[in-house]
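Structure first, commentary second.
Numbered from 1 within each chain, the chains take letters A, B, ... in sequence-line order.
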Amino acid sequence: MALLTVKDLAVGYETGPVAEHIDFELNTGDFLCVVGENGSGKTTLMKTLLRLVDPLGGEILMGDGLRRNEIGYLPQQTAVQKDFPASVREVVMSGCEAGTGWRPFYNRDDRKTAERNMARMGISRFAGRCYRELSGGQQQRVLLARALCATERMLLLDEPVSGLDPRATQEMYDLIRGLNESGVTIIMISHDIEAAINYASHVLHVGKQIFFGTRDEYVRSRQGMEFLGQGVQISAQGIGTVGRGDAE
Amino acid sequence: MISQLIMYLQYPFVVYALIVGVLISICASLLGVTLVLKRFSFIGDGLSHVAFGAMAIASVFQLTNQMALSLPITAFSAVLLLRGGQNSRIRGDAALAMISVGALAFGYLIMNVFSTSTNLSGDVCTTLFGSTSILTLTSSDVVLCAVLSAAVIVLFVLMYHKIFAVTFDEDFARASGVRTDLYNLIIAVACAVVIVVAMNLVGALLISALVVFPALSAMRLFHSFKAVTICSAVISAFCALAGIVISILAGTPVGSTIVAIDAVVFGICYVYGRIREGK
């Protein structure tokens, strides 16, 4: 059975659905990129997958023994966090919180997990620094390390590179790709359609028309072409990446 | 002056006041860190007005233990307000303003119309500004205040990491399986307890000061959640102690003296923080 199966899902709030008839299926190790116009319901879909918002209809099925809280989450930054007094270690440790249950304090395993994930994201040297004093890219890596403390199976990334400079953006994508290659299933919302085509194995286009398929199918689809604008050029680039990927 | 102070410390009611004052201030400052960071600074103010209204009703019915009525009413309002604040900022904000002034007006109205007291304005002033009530606590009041404050402190220590997770990023915490609703509820009830208990110390109008000043002062000095929390508790305890001692020696009202010292300490921390940043 697939890791995550979504059937005829409708997402939205009390005021009505934002997006409807969403169907897709993900297997372990897939990299799904969710694209669509602003306000098309990408973030709402993500919150629904995380059960922060109840689905208005349809089903979300989890397979392969994936539990509800085994989905890590990299949210968009909130205003509260911009002036929050917290050290990097405190933020990363908080990812272990769900695993503690009624136990009030962290144990040695939790601390090890946090140290390991900080090392993995290259932020160990910032461990004692204040979170709000870091650069945008560094902050995102802290939040990614926190998400990894919560789970290693599936990560939902909401606009992971928004507000980052080109170099930090590239580093972030490399980190995400590295995680994906080490077996973490990724669902990423992105405005950056080129990156989506370059890194994703599958694309979900949310809007009036829902599209779901592999990256190559998307590049060739009418919707993909329209959304990509200069379709031919980018699809060539996209297919080029596939070629390289296959050769490896 | 020292000998005068030692003389005063012979009286049990002075010692009671010091113990209760310090405990309450520590509670208020611990919750204050969370409330300030969650952008809920005004919750303390709104709830204290609700508590004032409840006190007024209790005094009209001549209940001997006013807390028995004001505590559940305030706790109920706290849950409503904190929940409303989650869904939509504007609604929570407006609801707070409405409940806050509404309770104040009705409380005073009820006291004015039904009260049998000969010194009405004195009663109202005491409830609003605390005046000397901290020095007139009976030993059973002291025990109750001490037990409630100790319970809040123990709860805070046990839930410290959960409170951090819920404060820093509620969505993430909830998505990863932390029972955020439960912890928000506990925080709300703890707020209500602290506020009702703190009314004895500084009165209804000045409670917000105990909640926000120590947290804000600590945030000027430290940059990790743990350091801010501990520093805030220390500052708060120091201000309460200094405030009560000064008020006894100088004959000033207890509540406003404590708050004035809190404000001065904040000023010092602010300037110090600015200078350090400038370097």
Side-chain angles (χ1 to χ4, degrees), chain A residues 13-14 43 46-53 67-106 110 127-133 142-143 146-151 155-156 158, chain B residues 32-41 85-89 91 154-183 186 214-232 269 273 276-277:
Chain A
Y13 299 93
E14 287 132 23
T43 297
M46 194 152 278
K47 287 192 168 170
T48 310
L49 292 177
L50 291 163
R51 312 290 170 128
L52 295 173
V53 175
R67 277 178 287 128
R68 252 166 88 149
N69 58 6
E70 279 184 320
I71 306 181
Y73 179 34
L74 183 75
Q76 294 189 42
Q77 298 224 15
T78 62
V80 170
Q81 290 164 2
K82 295 226 167 76
D83 63 345
F84 200 100
S87 69
V88 167
R89 183 176 278 114
E90 285 177 323
V91 174
V92 175
M93 285 297 294
S94 73
C96 299
E97 191 51 65
T100 60
W102 291 106
R103 179 157 45 86
F105 305 107
Y106 296 122
D110 294 332
R129 287 268 303 276
C130 179
Y131 172 77
R132 66 186 165 191
E133 287 165 3
V142 173
L143 296 185
R146 176 183 67 161
L148 287 169
C149 285
T151 180
L155 285 182
L156 297 195
D158 195 350
Chain B
V33 175
T34 304
L35 292 181
V36 167
L37 288 171
K38 274 181 154 247
R39 306 284 192 270
F40 283 155
S41 304
Q86 278 164 24
N87 296 335
S88 130
R89 180 153 298 235
R91 209 176 72 196
V154 169
L155 202 65
F156 187 90
V157 171
L158 289 179
M159 286 178 32
Y160 169 78
H161 291 293
K162 265 110 185 152
I163 289 177
F164 173 81
V166 171
T167 312
F168 183 73
D169 192 339
E170 195 171 327
D171 276 354
F172 177 86
R174 193 143 60 101
S176 66
V178 175
R179 300 165 68 184
T180 53
D181 288 345
L182 175 72
Y183 296 117
I186 294 175
L216 289 173
S217 306
M219 283 163 67
R220 302 296 126 202
L221 303 181
F222 291 99
H223 299 292
S224 84
F225 191 71
K226 194 184 237 169
V228 165
T229 308
I230 294 171
C231 174
S232 153
C269 293
R276 203 173 50 172
E277 262 171 41

Heavy-atom side-chain contact between B:Phe172 and A:Leu74 under 4.5 Å: no

Backbone of B:Ser224 reached by a side-chain donor or acceptor of A:Glu90 within 3.5 Å: no

B:Met219 versus chain A, the contacting section by heavy-atom distance below 4.5 Å: both

Between NZ on residue B:Lys162 and CZ on residue A:Arg103, distance to nearest 0.5 Å: 7.5 Å

A:Ala150, part contacting chain B, at a heavy-atom distance under 4.5 Å: side chain

Best-contacting candidate, B:Val228, B:Val178, B:Asp169, B:Val157, against chain A by heavy atom pairs under 4.5 angstrom: B:Asp169

Contact check, side chains of B:Asp171 and A:Lys47, non-hydrogen atoms, under 4.5 Å: yes

Any residue meeting ring pair (Phe, Tyr, Trp, His ring centres under 6.0 Å) with A:Tyr106, in chain and number order, not counting sequence neighbours: B:His161

Distance flag, aromatic centroids of B:Phe225 and A:Phe84, threshold under 6.0 Å: yes

B:Phe222, part contacting chain A, at a heavy-atom distance under 4.5 Å: backbone

Closest-packed option against chain A by number of heavy-atom pairs under 4.5 Å, given B:Ala165, B:Ser176, B:Ala173: B:Ser176

Residue part contacting chain B, namely of A:Leu156, when any heavy atom lies under 4.5 Å: neither

Proximal component of B:Ile163, with respect to chain A [non-hydrogen, under 4.5 Å]: neither

Residues forming a ring pair (Phe, Tyr, Trp, His ring centres under 6.0 Å) with B:His223, sequence neighbours excluded: none

Heavy-atom closest pair, residues A:Pro104 and B:Leu158: CB-O, 3.1 Å

Greatest number of heavy atom pairs closer than 4.5 Å to chain B - which of A:Met93, A:Arg129, A:Arg146: A:Arg146

Residue among A:Ser87, A:Ala86, A:Cys96 with most heavy-atom pairs under 4.5 Å to chain B: A:Ala86

Interchain contact, A:Tyr131 with chain B, by part (heavy-atom threshold 4.5 Å): side chain

Selection from A:Leu143, A:Thr151, A:Val91 maximising heavy-atom pairs under 4.5 Å formed with chain B: A:Val91

